[in-house]
J.: 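My questions will all concern the structure given below.
Letters go in sequence order (proteins before strands), and every chain restarts at 1. All values derive from a computational prediction rather than experimental measurement.
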There are 2 protein chains.
Amino acid sequence: MLRRVRLVKKERSFYVGAMPRVSQERLDARRRQILDAAARCFARNGFHATSMQDVLKEADLSAGAVYRYFTGKEELIAAIVNEVLGEVGGVFEEAARWRPLPPPDVLIGTVMRAVIGHRQGLGGTEQSLYPRLMVQVWAETLRNPELHAILSDGFARVRRPWIEIVEGYQDAGVMRADIPALSVARTLIAVAQGFVAQYALFGDVSIQVVELGLKALMSMEDPDART
Amino acid sequence: MLRRVRLVKKERSFYVGAMPRVSQERLDARRRQILDAAARCFARNGFHATSMQDVLKEADLSAGAVYRYFTGKEELIAAIVNEVLGEVGGVFEEAARWRPLPPPDVLIGTVMRAVIGHRQGLGGTEQSLYPRLMVQVWAETLRNPELHAILSDGFARVRRPWIEIVEGYQDAGVMRADIPALSVARTLIAVAQGFVAQYALFGDVSIQVVELGLKALMSMEDPDART
DNA sequence: CTAAAAAGAAGGAGCGTTCGTTTTCCTTTG
DNA sequence: CAAAGGAAAACGAACGCTCCTTCTTTTTAG
């Protein structure tokens, strides 16, 4: 008698007393193949102007194959959004861990290079996969509350270490301390977001632009600033 | 005999020796009614997750009516994109005309307030129509070359006066002059773009956040800065 | 009264998804 | 070690649905 034991929702079921028919690595590879294809399609055309047929063709798989790994288009979109937000959030967090405290221009430069470099060698053709996906993710989270919750979580998770960085500046006396660290952190994140948008939209190559721009801003002295 | 004389592609044709059947203002009002409804729908759901039926219902008109003013969905999208980019571009240009030269935080604050305030009293329900539309426009220009060209033009048109502002800072000696003005201008625009995204995504109310954040950044002194 | 404007049912295309069939691959057996 | 067996995996045609658009009819404005 074969007792079917389902372990975890998304992991394969197996038979007691028998080995799985195909290896877990194989299944993982298929899943990745589908996700990569979907990411390329979505980066190219957005979530809703991309048809399932587009994804199937890009993945070189049939409908039956894809629907074995994802229950539908929505789940595919959710998976991509999760992945992108997770990785980009990780980039922000990791950049904030550097010690000694990097100045803002180095911080943003690091983040930008990491975001742009992520999955660069995926398709080869798409030059800025992650920036483009990021813009699409923003648009999608505006209409999907569940995905919006993920974005909000990610934003909150990133904000915390960045606030600490700003507080570090202020404690070290290199930045006026009469301004809420949250405001500064959000402004820095806005710089990164804005440049991600510019990179996706205009595909400029040089990260130096932000780095230099921030240096220049930092060199300004507000006329009515308190010391 | 009635000779039909078509004057301009999009203006109404009229009859020699006879007055138009409905006034031009009426036609313009209908067109506006459709555009406003479409803008609300697109801001809510994006361009491709919004159906024509959604727009028709929002405008309280029939298909026949809408298709008399626009050849199809594409043209409707293009009209909205054009309008949004035109108005937002105008906001950037106008802010750059202020004299005496406003500091960056005032500049960005002015832009943000104008973008957020635009068409505020349109539907009433949608709190941040233009920021949301802006994000959707970015996403759409990533896949539509014609609309992308409009965005590029707008970006170029905005960049010029903002470069002049930065050069003004540098000439006045309040900003180090060894950094290309273009880099600083693009960074400032990135701040605005990033905060537009944050506003659309999280709907925070206070513009003070960017203003204070920029002030704090300006108060920093780069350790390895040249004088 | 007339022509433009609006209505709204209907058509054709394309979408996401399902499902019966075929193929593949791992285990088991000879 | 080779071949059979069988279940999972993949295939791909087909289905139902919704989409955008058209077209005939009705209403409206001057």
J.: Rounded to the nearest 0.5 Å, what's the gap from CD on B/Gln208 to CE on B/Met112? Could you check?
T.: 13.5 Å

J.: When the distance from CD1 of A/Ile34 to C1' of D/dC11 is rounded to whole Å, what number comes out?
T.: 13 Å

J.: Report the distance from atom CG of A/Leu27 to atom C1' of C/dC25, rounded to the nearest whole Å.
T.: 12 Å

J.: For nucleotides 10-23 of chain C, give me one character per nucleotide, 5' to 3': B if any protein heavy atom sits under 4.0 Å from the base, S if the only such contacts are to the sugar-phosphate, - if neither.
T.: -----SSBBB----

J.: Residues in salt bridge (Lys or Arg N to Asp or Glu O under 4.0 Å) with B/Arg159, at least two apart?
T.: none

J.: Who passes ring-ring contact (aromatic ring centres under 6.0 Å, His included) against B/Trp162, sequence neighbours left out?
T.: B/Phe92

J.: Over how many whole Å does the gap from A/Arg30 atom CZ to C/dT24 atom C1' extend?
T.: 10 Å

J.: Would you call A/Ile34 and A/Leu76 a side-chain contact if the rule is heavy atoms closer than 4.5 Å?
T.: yes

J.: Mind calculating the distance between CZ (A/Arg31) and C1' (D/dA9) to the nearest angstrom?
T.: 16 Å

J.: Taking only side-chain N and O atoms of B/Ser62, does any of them lie within less than 4.0 angstrom of OP1 or OP2 on C/dA7?
T.: yes

J.: Whole-Å distance between C/dC26 P and A/Glu25 CD?
T.: 10 Å

J.: Can you confirm whether the side chains of B/Glu140 and B/His48 place a donor and an acceptor under 3.5 Å from each other?
T.: yes

J.: Atom CZ of B/Phe70 and atom P of C/dA5: how far apart are they, to the nearest Å?
T.: 14 Å

J.: Measuring to OP1 and OP2 of C/dA5, would you say a side-chain N or O of B/Tyr69 lies under 4.0 angstrom away?
T.: no

J.: Closest approach of B/Pro102 and B/Ala95, non-hydrogen atoms and distance?
T.: CG-O, 4.5 Å

J.: Are A/Arg26 and C/dC25 close enough that a side-chain N or O sits under 4.0 Å from OP1 or OP2?
T.: yes

J.: In whole angstroms, how far is the P atom of C/dA6 from the CD atom of B/Gln33?
T.: 9 Å

